[in-house]
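Please read the structure below before turning to the comments.
Fair warning: this is a prediction, and the values are worked out from it, not measured in the lab.
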Amino acid sequence: MRRPPVRVLLVLGAALLLLVAAVSAVVVVRVLDREPASALSAAPRPVVEGNRLVDQRTGRPWVPRGVNWSSLEYACAQGWGFSSLEAGGTDPMATQARAIAAWGADTVRLPLNQDCWLGTRAAPVSDEYAERTPAGYRAHVGAFVEALNAEGLVVVLDLHSRKRIGTPEFGNLAMPDAESLAFWRSVAETHADNPSVMFDAFNEPYSRYDATDRLVFDLTWECWRDGGCAAPAEDDRTATTGRTTYAAQGMRAVVDAIRAAGAEQPVLLGGLDYANDLSRWAEFAPDDDQLVAAFHAYDFKECADRGCWDDVLAPLARTVPVLTSELGATDPLDGWVEGYLDWADQHDVGALFWVWADHAGDPMSLGRGLSGEPTAWGRLARSWMRAS
C-alpha cells in the first residue's frame, strides 16, 4: 500500500489529537458535574463503619491526627477581621494549610461563630477599615476549607461560639438554641457535597453555676439528646443567676437539621461537662449511623486519668468511633499529654491538639505566625503526628 505524504499524516494526526482532546474535555466536564472540585482533593473522605472511621478512597481505617485552628470563632465578633488570616502576607490560607500539613496532620478543626455565619446579633462586626458581612464570613470559611483540603487535610466545622449581645465580644452558650438549627441547615447545605468535611454539632455542652457556685442549670442526658430544658441566656464569660433562659435544642434536632440539608458526612457529638463526660453517650446518642463521640481531654477535667479512660472511653470505642476533638493541659509538657496519647494510640482514638494560634503567654499555643514555627508544645504535637 502506498503511504500518504508526510504532510497528510501530520494533518490527520493533528485532527486525531483535537478529537481526543474534545472527548476528554466532555469526560472531565461530566466528572466535574458529578463530583465537586473540593471532593477531588487529596484529603481523606471519612465515613463511619461500625466503630471505625474509614477513608472511602482506600477502604482502610482512618484515625484522625491534627489540630484545632483558632480565630474564626472570635475575630469576627471582636471586629478586627474574619480571622487571623487577614493579617497574613501573600496567599495566607495556602501558606497556613501547607504549614499544618508539613507537621504530619491530616485533620483541622475550625471553630466557627454562629452569629457571624448567620448575621445575627449585629455580627460580624465591621470597623473603620472594612465592612464585614455574613456572606463575607461564609466565603472566608469556604476558601480556607478548600485550601486545607488541597493540602490533604480533612476539615471539622465546629459550632463553637456566639457574639455577645450589645458588645463586640464572644462566648459559649450551654446548649444549642433555635438559631443553631438555622446555622446548621446553612453550613450543612453549603458543604454537603464535600466528602472531606465533618461536622461538630456543638462545642461543649455544660451545666451552669452562679457567682456563688450554686447550680442553676443542671444539664441532663435527656436534655442533651431531646432539648426542651431552660438554659441560661448568658454565655460562659458572663455571670448568670439562671433566671433569663432559652429553650435548649438537643443533639437529635441538630443531627436532623444537618441531614435535612442533604449532608451525609459524619457528625461529632461532644458529651456533658464540656464534652469531657461520655459516660452515657451510647445510651442517649440519636439514631444515626454516621456519628462520632467527641471527647475533650484536659488534665483539669474529671475524666483525666487512665481509670476513667479504661472504664468510659474504651468500651465506647468498641461500639462507635471516638475522637479527641480537643487535647490540651495546664502544663502540656509535664507528661500528662504523652500518657494520654499512649492510651489513645492503644485504642485507635485520634486526637486534635489545642490550639494552632499565636497567643503570647499561652502554654497551649502550638506555633508562632503563619509559617508554623513550633513552640515546645508544638514540637511534641508535631512529633506525635509525624509518627503515624
Side-chain angles (χ1 to χ4, degrees), residues 41-46 52-55 57-58 60-71 93-111 144-145 147-158 196-198 200 266 268 275 292-299 309 313 317 321-329 331-359 362-388:
S41 72
R45 303 179 184 185
R52 305 180 303 174
L53 281 167
V54 171
D55 183 356
R57 303 172 308 168
T58 63
R60 296 175 182 171
W62 177 71
V63 180
R65 293 179 175 234
V67 300
N68 285 264
W69 190 92
S70 187
S71 73
M93 292 185 180
T95 300
Q96 189 78 119
R98 284 194 296 269
I100 296 171
W103 280 28
D106 59 24
T107 307
V108 176
R109 182 173 179 253
L110 296 181
F144 196 31
V145 169
L148 293 166
N149 286 164
E151 292 297 328
L153 297 159
V154 170
V155 175
V156 178
L157 297 177
D158 157 49
S196 297
V197 164
M198 298 192 293
D200 192 341
L268 281 62
V292 177
F295 180 62
H296 287 192
Y298 291 100
D299 61 343
W309 306 334
L313 299 187
V322 175
L323 172 58
T324 315
S325 50
E326 288 188 16
L327 172 61
D331 178 0
L333 303 177
D334 67 0
W336 182 86
V337 168
E338 289 98 323
Y340 179 77
L341 290 173
D342 287 343
W343 182 92
D345 282 339
Q346 295 167 19
H347 294 83
D348 293 326
V349 172
L352 310 180
F353 292 85
W354 188 270
V355 58
W356 189 289
D358 191 351
H359 295 159
D362 182 355
M364 284 188 272
S365 284
L366 291 164
R368 301 287 180 238
L370 284 177
S371 64
E373 181 63 29
T375 62
W377 170 225
R379 287 192 292 273
L380 186 158
R382 184 178 64 179
S383 176
W384 182 77
M385 288 187 285
R386 286 180 173 177
S388 61

Could you check if a side-chain atom of [X] sits within less than 4.5 angstrom of a side-chain atom of [Y], using non-hydrogen atoms only?
X: L53; Y: V292; result: yes
X: N68; Y: L352; result: yes
X: L157; Y: V197; result: yes
X: F353; Y: R65; result: no

Does the [X] side chain pair with the main chain of [Y], one donor and one acceptor, at a distance under 3.5 Å?
X: D106; Y: G66; value: no
X: D342; Y: Q346; value: no
X: R386; Y: A102; value: yes
X: R57; Y: A42; value: yes
X: S365; Y: A357; value: yes
X: T324; Y: L327; value: no
X: D299; Y: V337; value: no
X: D55; Y: P46; value: no

Please report the interatomic distance [atom1]([X]) to [atom2]([Y]), rounded to the nearest 0.5 Å.
X: E326; Y: M364; atom1: CD; atom2: CE; answer: 9.0 Å
X: T95; Y: R98; atom1: OG1; atom2: CZ; answer: 4.5 Å
X: R45; Y: T58; atom1: CZ; atom2: OG1; answer: 11.0 Å
X: T375; Y: R382; atom1: OG1; atom2: CZ; answer: 10.0 Å
X: L366; Y: H359; atom1: CG; atom2: NE2; answer: 11.0 Å
X: H347; Y: W309; atom1: NE2; atom2: CH2; answer: 11.0 Å

Chi angles and distances behind the side-chain contact (heavy atoms from CB on, under 4.5 Å) call for L313, V349: CA-CA 9 Å; L313 299 187; V349 172; 5.9 Å; no
Determine the minimum heavy-atom distance between [X] and [Y], stating which atoms define it.
X: A376; Y: L333; answer: CB-CD1, 3.6 Å
X: A294; Y: L268; answer: CB-CB, 4.1 Å
X: W62; Y: M198; answer: CZ3-CE, 4.1 Å
X: T107; Y: V156; answer: CG2-CG2, 3.9 Å
X: A43; Y: V154; answer: CB-N, 4.2 Å
X: P44; Y: G152; answer: CD-O, 3.4 Å

Are the charged groups of R368 and D358 less than 4.0 angstrom apart, N to O?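 Answer for the salt bridge query: yes.
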Check R109 with D158, please: is the shortest side-chain N to carboxylate O separation under 4.0 Å?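 Judged by the 4.0 Å cut-off on N to carboxylate O distance, D158 and R109 do form a salt bridge.
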Please confirm whether W377 and W354 have ring centers closer than 6.0 angstrom.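 When the ring centroids of W377 and W354 are compared, they turn out to be at least 6.0 Å apart.
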Which class fits the ring pair W103 and W356: parallel under 30°, tilted 30 to 60°, perpendicular over 60°?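 Rings of W103 and W356: tilted, 30 to 60°.
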Just by distance, with hydrogens left out, do D345 and W384 show a side-chain donor and acceptor under 3.5 Å apart?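 Indeed, the side chains of D345 and W384 share at least one donor-acceptor pair under 3.5 Å.
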Candidate pair L153 and I100, rule side-chain contact (heavy atoms from CB on, under 4.5 Å), full reasoning: CA-CA 9 Å; L153 297 159; I100 296 171; 4.2 Å; yes
Just do the side-chain contact (heavy atoms from CB on, under 4.5 Å) check on L148 and L110 with the steps written out, would you? CA-CA 11 Å; L148 293 166; L110 296 181; 4.2 Å; yes
